[in-house]
Amino acid sequence: ELAVRAAIEIRDEAHRLGLNVTAGINTGEVYFGADAEEGQEFTLMGTVIDLAARLAGRAQAGQILVGESTRRLTWRAFEFTPLALEIKGVEGPVTAYQVERLLPHPKKARGIEGLRAELIGRDEEFAKLKEALAKVLKGRGQMASLIGEAGVGKSRLVAELKEVALAPDEGRPIPLWLEGRCLELGTAASYAPFLDILREHFAWSVEDDDRRRRERILSSLQEMTERVNLPGERFEEIYPLLSRLLSVRLEGEWEERLEGDSPEQIRRRTFVAVRDFFVALARQQPVVLVFEDLHWADSLSLDLISLLMEGLHLAPLFLLCVYRPEREHKCWHLGTIAAQKCRGRYTELYLRELSHRQSRRLVASLLRSEDLPPSVRALILDRSQGNPFFIEEVVRSLVEAGAVYQEGDTWHAREDGRAIVVPQSVQSVVLSRLDRLSGDLRGVLQVAAVIGRVFRRRVLERAAQQEAGLEGTLWELEDRALVYQERAVPEVEYSFKHVLTQEAVYRNMLRRRRQEGHQRVAEAIEALYPDNLEEYYEQLAYHYEEGGHAEKAVEYLLKAGEKAKRNSANEAAIAHLTRGLELLKTTLDTPERIQRELDLQVALGVPLVLTKGHAAPEVERTYARARELNEQVGDAPQRFQVLLGLRRFYFARGELQTAHDLGEQLLTVAQNVGDSIPLSRAYMMLGETSYWLSEFAQVRKHCEKGLACYDPLEHRSHMFLYGNDTGIGCRILEALALWHLGYPDQALERMHEVLALAQELSHPFTLVFALYFAAVLHQLRREARAVQERTEAVLRISAKRGFALYLAWGTILRGWVLAEQGRENDGIDQMRKGIAAWQAIGAAVTLPKSLASLAEACGKVGKAKEGLRLAAEALAAVDVTGERCWEAELYRLKGELLLLQGEAEAEIEACFLHAIDVARRQCARAWELRAATSLSRLWQGQGRKENAKELLQEIYGWFTEGFDTADLREAKALLDALA
Ligand SMILES: Nc1ncnc2c1ncn2[C@@H]1O[C@H](COP(=O)(O)OP(=O)(O)O)[C@@H](O)[C@H]1O
Ligand SMILES: [Mg+2]
């Protein structure tokens, strides 16, 4: 087979160069002898060789001819045309075969001669499928579900439809038929059936490296663009996403197109890319996508199928979904979704057991004879309950056992019918057949069963440690209809005839043998695919777990979990990681175990937050445990990342002091490592917590240090690891701190720098980060128009990219703008919405600031009571979290609201005094100025002009800049009035 494939490749390559080669191939025993004169060279001799040479000689340009023996060995993999040739030196015509093409699906060996059944019944279902297919071929996209229990005949019906679809017919187009399978092994890999389909479509072989694979994807997409089925800019979007999906490494500039997007954004883009790809493909030629065994599918694949339904009106695409009626599995909803999304294009077929009469016909058809002793027939029909797989297996087992035998055209039962034992269950039928296999065959079959329903020949070869003779063994298993070769591309792959066969073999193995088998399979996969291990993480985890090698299984579960995170398959990630934690409990208590558990817990954090929110108890437990473990681990290399994850969590939750302490630990770790990248990040983290804790002078110190060791040339690697750019982060915090410290103009200048840098980076998340805090600075400076401008940009980008956090924050700011512009009620409405969205994420930090804006707006519309309630809520939060950044302002607002409500002046005065006191302690001159202005105004009203003037003059006089800002202008006006 390899020789024929090589011949095809050589011919095609040569053809591209404008050359025509011929080839002759033959198989058999040859002799070789040393060439007498040269001593070193060997010559091959024999009739087999002669014939091969003659065939090559006789072949016409571009033709590949093979001999009978070669054809016999390879007919399942290629299409041949027989030719009768006269060949010199051989008497009579010789039959040679011209190789036409490689078959994408090798032909199934349908079992022992005489035991092959035609399709029984299913007329109605088959008609409906053909009808749907006909519509597709006429250009109307369709979707069908084929639902039924194991062994009832789903795959058979698909195979029958395929035969019809691919049969040449002048009047209609031939569709492109692609099948994707789901495997039964543990938690499924994300996108499994799609990967199967795409790999087959791009037809790459195991030997192809990433470059070759990229070329295949590129040329396929190029063809689409050339034929105008795909716009050029979609090409540029789809190519990197498809490559990434298929784990094909990209080159730099393409890779960059994916950088900076979160897994969730990549997932969304990937979905759309896959849809567009198949739609474009179907515009070239009708496409049938078969999704086999979706009851084992991962949820991303099912979601993607739902999305594909939306493409059915765009192109002749046929989605054929095959699954068992398992109501707990998500695949069960496909029908409901289809009924909504593509009603009128959807056919649902439920395959039931065969009727008694049909079962009888099936038996007759299998044996090619009606005259089975009635008692035996009754026994078969009774046991198998109309399940065609069961019927076939029972008949086969009886024939193999010799209980039923053939004489001429008639079948007889060996003994008296009653003595014949028909096994009770599918499992026992299969086993009874297995018992009659020789030890060798059984051994290989068992290793195969350990691999799974589908197994690659190379993996089997290695795991069964049986290279010689494996081919023959497989042929024999095929002849007994236990397995069949399912695929040759990208590599030779076999399948058990049915998953029930595989299960029976597997369950019957001794535990110890199974374990050994799994272990060897895992090792075989590791050895065979060292460059693409990522594709196999889930399988490796499964085999190592079943092989009783918990440490290795945990290692791969962690990797599978990280991989699922990258695909934004958060639930799958949680499943892998949780399983890893469970398994870990069974391992020895060593320092490595603590490290592993820490890795798993930390990896679990983000997907848990994303699916359950920051406030969920599981999230809290995970991080608390991670923190505890972190204390126990020494100087682990990932300690920095671990601490960073922990810190992010406590920060978002508003546990600022904890977050700050973790920042200190980050700094220590970074200092020990001595690398400037983590070092500058650690300073930024400390700057951030210092800011919200209202230690504004500290913010400047940390950020200056952070910037001092920040190297802009390395900013890219920073951003993707940390989510945003450290240099920009430090500058933002500095700008904010400057405002609080009483330098509103310098603050603004710094922020302008930030925006200029952020625009350059083309990293959307960093850009939104910068725009948002620029808006906040304008809010502090009370410049509503500028806030509005920035906020709208934040909201626009966030909506497009799905940045939930900035959407919520942006909405709150938009509300503030509205309130400033005199549309207080709309503003309040927006702010409430934003705060609710923010809290839905489970985050708490910045809450006092948001509540302050809301309370202020309430005051403006005379709702003092409501405002006071909000201010009290905010102050309570300040006490809990230590987020004192807005504390002074909150006391001032409280005073203003009390004033509005006409409360006792002493109480109001106390609020303002407290605000001033807090502001002074924090060196927050900006807040002090506002509070002093409020208090002066109160005193002015009480006739205490001198006190008022003195108080305000002192702080106003301190300022050296920002005289244009609203706060300073107001203070100035009041001072003038007091003069
Ligand atoms: N209607 C039928 N007529 C004849 N043979 C059938 C029929 N349905 C199923 N079979 C045979 O029964 C076996 C199991 O069917 P299969 O399609 O693999 O089941 P499923 O995919 O539903 O689990 C196959 O060997 C198939 O050829
Ligand atoms: Mg099937």
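Position 1 is the first residue of the sequence, and the numbers go up from there. Fair warning: this is a prediction, and the values are worked out from it, not measured in the lab. Ligands are counted one by one from 1 in listed order, and the atoms in each one are counted from 1 as well.
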Geometric class of the Phe277/His201 ring pair [parallel <30°, tilted 30-60°, perpendicular >60°]: perpendicular
Contact atoms of ligand 1, heavy-atom distance to Arg122 under 4.0 Å: 1 (N)
Per-atom contacts, ligand 1 versus Lys497 - under 4.0 Å to a heavy atom: 25 (O)
For Lys330, all residues meeting side-chain contact (heavy atoms from CB on, under 4.5 Å), sequence neighbours excluded: Ser299, Leu302, Asp303, His333
Candidate with minimal heavy-atom separation from atom 3 (N) of ligand 1, of Ile120, Asp123, Val158: Ile120
Cation-aromatic face contact Arg457/Tyr494, 6.0 Å, 45 degrees: no
Polar contact flag, side-chain donor to acceptor under 3.5 angstrom, Glu486-Tyr484: yes
Option set Gly153, Ser495, Ala159, Gly151, criterion heavy-atom distance to atom 8 (N) of ligand 1, minimum: Gly153
Ion pair check, Arg456 and Glu493, cut-off under 4.0 Å: yes
Per-atom contacts, ligand 1 versus Val152 - under 4.0 Å to a heavy atom: 8 (N), 19 (O), 22 (O)
Atoms in ligand 1 flagged as close to Ala150, the criterion being non-hydrogen separation under 4.0 Å: 23 (O)
Ligand-residue contact atoms, ligand 1 with Glu118, heavy atoms, under 4.0 Å: 3 (N), 4 (C)
Numbered atoms of ligand 1 (with element) below 4.0 Å of Glu149, judged on heavy atoms: 22 (O)
Tyr506-His518 aromatic ring centre distance below 6.0 Å: yes
Centroid-centroid distance, Tyr542 to Tyr556, less than 6.0 Å: no
Near the Mg ion (ligand 2) (under 2.8 Å) - protein N, O or S atoms: Ser155 OG
Where ligand 1 meets Glu392 - atom numbers and elements under 4.0 angstrom, heavy-atom basis: 11 (C), 12 (O), 24 (C), 25 (O), 26 (C), 27 (O)
Among His543, Lys563, His576, the one residue meeting side-chain hydrogen bond (donor to acceptor under 3.5 Å, both in side chains) with Glu538: Lys563
Proximity winner for atom 5 (N) of ligand 1, if only heavy atoms of His498, Arg156, Arg361, Glu393 are counted: Arg156
Parallel, tilted or perpendicular, as decided by the 30° and 60° cut-offs, for the rings of Tyr536 and Tyr529: parallel
Side-chain donor-acceptor pair present, Glu292, Ser155, cut-off under 3.5 Å: yes
Side-chain touch Leu294/Ile305, heavy atoms, less than 4.5 angstrom: yes
Atoms of ligand 1 close to Leu362 [distance to a heavy atom under 4.0 angstrom, numbered from 1]: 4 (C), 5 (N)
